[in-house]
Colleague: 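First the structure, which I've put down as structure tokens, then a few questions once you've had a look.
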Amino acid sequence: MKYVDEYRDGELARGMARTLATIAHSDRDYRFMEFCGGHTHAISRYGLEDLLPPNVRMIHGPGCPVCVLPIGRIDAAIALARNPKVTLCTYADLMRVPASGGMSLIKAKAAGADIRMVYSTLDAIRIAEAEPAREVAFFAIGFETTTPPTALAIRLAAQKKLSNFSVFCNHVLTPAAMRAILAGEGEGVEIDGFVGPSHVSAVIGVHPYRFVAEQFGKPIVISGFEPLDVMQSIVMLVRQLNEGRCEVENQYGRAVAPDGNLKAQAEVADIFELRESFEWRGLGEVPSSALHLRDAYAAYDAERRFGVETPSAKDNPACECGAILRGAKRPHDCKLFGTVCTPETPMGSCMVSSEGACAAQWTYRRFETQRIAS
Amino acid sequence: MCLAIPVRVIELLPDQMAKVSLDGVTKTISLALVDDVSVGDYVILHVGFALSKVDAQEAERTLAMIREFAGTSP
Ligand code: SF4
């Protein structure tokens with residue numbers, strides 16, 4: 001596949017690993033957080049950690065929207081789906097996330113709630129058009145990459161005067177979460193630089209990360225998702241640190257313009273505004289870290305339309321997802337990992353999504369983990 | 001869900017839609033978020049929408065840099 005295969009060449013990866021071993025100073029550590037679950041997945045899948053010198057370590061970040069969604073929001077979505085008038089449309093990844101009381105969307109569906117998996121927000125619009133007697137609510141989650149498709153669906157619903165479509169909005173913001181992690185540094189987390197999510201930057205550009213370099217003094221490289229992209233980004237971070245530089249660099253210039261996608265930004269800005277605060281699993285309440293619909297689009301806001309309430313709900317106390325999402329722990333630090341908790345019987349969200357740290361560890365590295373644990 | 005991948009545009013359709021090819025598999029996606037896409041262009045596809053165009057020159061530049069870092073550049 002063009003623009004994919006050439007960035008997966010094993011020979012080049014090993015060559016870069018040799019370069020990295022020569023440029024990484026042996027008298028210091030390099031601790032880099034890959035913010036995004038897509039990178040966590042790629043690092044595990046291609047065994048990149050095995051190619052890194054021992055003093056270059058990757059720390060998994062909170063960039064998995066399924067993982068960071070607090071249980072209360074899933075409970076709220078299930079309550080919404082139980083409304084007999086409502087058809088809840090959702091991305092498939094959310095179906096198996098554990099909610100309170102052993103519930104999940106998939107179990108609610110089995111018990112009769114009208115919950116449908118969709119690939120795109122446009123599918124939800126189509127359902128709303130085809131079934132005017134149903135109240136179609138779209139369970140919107142995701143970072144900046146996934147927000148513009150939700151914005152366009154709302155725009156389309158307004159244009160088509162669809163009165164039976166609404167959005168349960170849970171869109172969250174990457175820079176705000178990065179700021180929260182940096183502010184909490186020292187509490188078990190120490191980071192020398194970031195591998196930044198490039199598909200987010202395809203939308204928002206690279207400038208929103210300037211504070212990482214300017215206020216917190218950490219380098220950040222916006223990185224593609226193929227293994228050679230990630231390796232190159234790590235080399236770029238090591239070079240910045242060695243040279244005493246601290247900048248926002250863009251490794252993924254092939255799809256990320258410095259200003260991002262202005263059209264997508266304008267769509268999002270027209271329809272959404274900042275929430276004062278939003279709860280994240282692992283990070284707690286984070287100010288200005290999420291979006292909701294502007295008053296002008298209140299008719300399409302499922303929260304207002306159905307009076308959705310978010311109960312405060314606790315994670316399974318044995319599940320370490322919270323600390324893992326902050327970068328303070330690793331999956332094999334959790335007692336439940338690989339025993340009680342597996343992708344078939346997930347106890348926490350990090351085991352559900354393929355971008356979750358626990359799922360990545362289980363899928364690609366569980367035997368090594370068992371060695372470490374024994 | 002977070003996955004985004006490069007796909008090739010093979011046909012422009014009405015309503016800012018397009019047919020794309022993904023290793024031989026054909027899919028219909030929305031181009032509403034990007035401008036000036038032509039048949040043959042590669043776009044980054046995410047949940048049914050093109051998010052940005054792939055810049056062929058930049059892609060070559062990145063590969064050249066990767067080869068250089070890998071110590072295999074000519
Ligand atoms: S292994 Fe399961 S229970 Fe443990 S932290 Fe991961 S998701 Fe939570």
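The chains referred to below are lettered A, B, ... by the order of the sequence lines, with proteins before strands, and numbering in each begins at 1.
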Colleague: Give a yes or no on this: more than 12 heavy atoms of other residues, nucleotides or ligands lie within 6.0 Å of atom CD of Q159(A).
Modeller: yes
Colleague: Does atom CZ of R61(B) have more than 12 heavy-atom neighbours from other groups under 6.0 Å away?
Modeller: no
Colleague: Which atoms of Q251(A) are under 4.5 Å from chain B, going by heavy atoms: the side chain, the backbone, both sets, or neither?
Modeller: both
Colleague: Is there a side-chain contact between L63(B) and Y7(A) (heavy atoms, below 4.5 Å)?
Modeller: yes
Colleague: Return the CZ to OG1 distance between F49(B) and T150(A), rounded to the nearest 0.5 Å.
Modeller: 8.0 Å
Colleague: Tell me, side chain or backbone of F69(B) under 4.5 Å from chain A's heavy atoms, or both, or neither?
Modeller: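 For F69(B), heavy atoms of backbone and side chain both lie under 4.5 Å from chain A.
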Colleague: What are the two closest non-hydrogen atoms of P6(B) and V4(A), and how far apart are they?
Modeller: CG-CG2, 3.7 Å
Colleague: Considering only heavy atoms and a distance below 4.5 Å, find which of R155(A), E267(A), E6(A), M231(A) pairs most often with chain B.
Modeller: E6(A)
Colleague: Any donor-acceptor pair under 3.5 Å linking the side chain of S52(B) with the backbone of V256(A)?
Modeller: no
Colleague: With chain B as the partner, which of L228(A), I23(A), V118(A), L152(A) has the greatest number of non-hydrogen pairs under 4.5 Å?
Modeller: L152(A)
Colleague: Looking at chain B, which one of A264(A), S120(A), P149(A), A151(A) has the largest number of heavy-atom pairs inside 4.5 Å, strictly under?
Modeller: P149(A)
Colleague: Determine the minimum heavy-atom distance between L122(A) and S30(B), stating which atoms define it.
Modeller: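 Taking every non-hydrogen atom into account, CD1-CB, 4.0 Å.
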Colleague: State whether the side chain of N261(A) and the backbone N or O of V34(B) hold a donor-acceptor pair below 3.5 Å, judged by distance alone.
Modeller: no
Colleague: Could you grab the distance from atom CZ of R67(B) to atom CG of L12(A), nearest 0.5 Å is fine?
Modeller: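 Those atoms lie 7.0 Å apart.
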Colleague: Does the side chain of L33(B) reach to within under 4.5 Å of the side chain of K263(A), using non-hydrogen atoms?
Modeller: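 They are not in contact (no side-chain heavy atoms under 4.5 Å apart), so the answer is no.
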Colleague: Output yes when a side-chain donor or acceptor of Y119(A) lies under 3.5 Å from a complementary backbone atom of G48(B), and no otherwise.
Modeller: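 Between the backbone of G48(B) and the side chain of Y119(A) there is a qualifying donor-acceptor contact (under 3.5 Å).
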Colleague: Could you tell me the separation between the CG atom of D9(A) and the CD1 atom of I66(B), rounded to the nearest 0.5 Å?
Modeller: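 Nearest 0.5 Å value for the CG-CD1 distance: 9.5 Å.
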Colleague: Quick check on D15(B): does its CG atom have over 12 non-hydrogen neighbours (other residues, nucleotides or ligands) under 6.0 Å away?
Modeller: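 Incorrect, the count does not exceed 12.
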Colleague: Please identify, among K2(A), E226(A), R18(A), the residue contributing the most non-hydrogen atom pairs under 4.5 Å to chain B.
Modeller: K2(A)
Colleague: Taking C-beta and beyond as the side chain, do M65(B) and Q232(A) meet within less than 4.5 Å on heavy atoms?
Modeller: yes
Colleague: Mind running side chain to side chain contact (heavy atoms under 4.5 Å, CB included) on M1(A) and L22(B) for me, showing each step along the way?
Modeller: CA-CA 8 Å; M1(A) 212 156 56; L22(B) 211 171; 4.3 Å; yes
Colleague: Side chain, backbone, both or neither: which part of F225(A) has a heavy atom under 4.5 Å from chain B?
Modeller: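 Neither part.
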Colleague: Look up atom NE2 in H199(A) and atom CG in L51(B), then write down how far apart they are to the nearest 0.5 Å.
Modeller: 7.5 Å
Colleague: Please flag which part of I44(B) lies under 4.5 Å from any non-hydrogen atom of chain A: side chain, backbone, both or neither.
Modeller: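 Side chain only.
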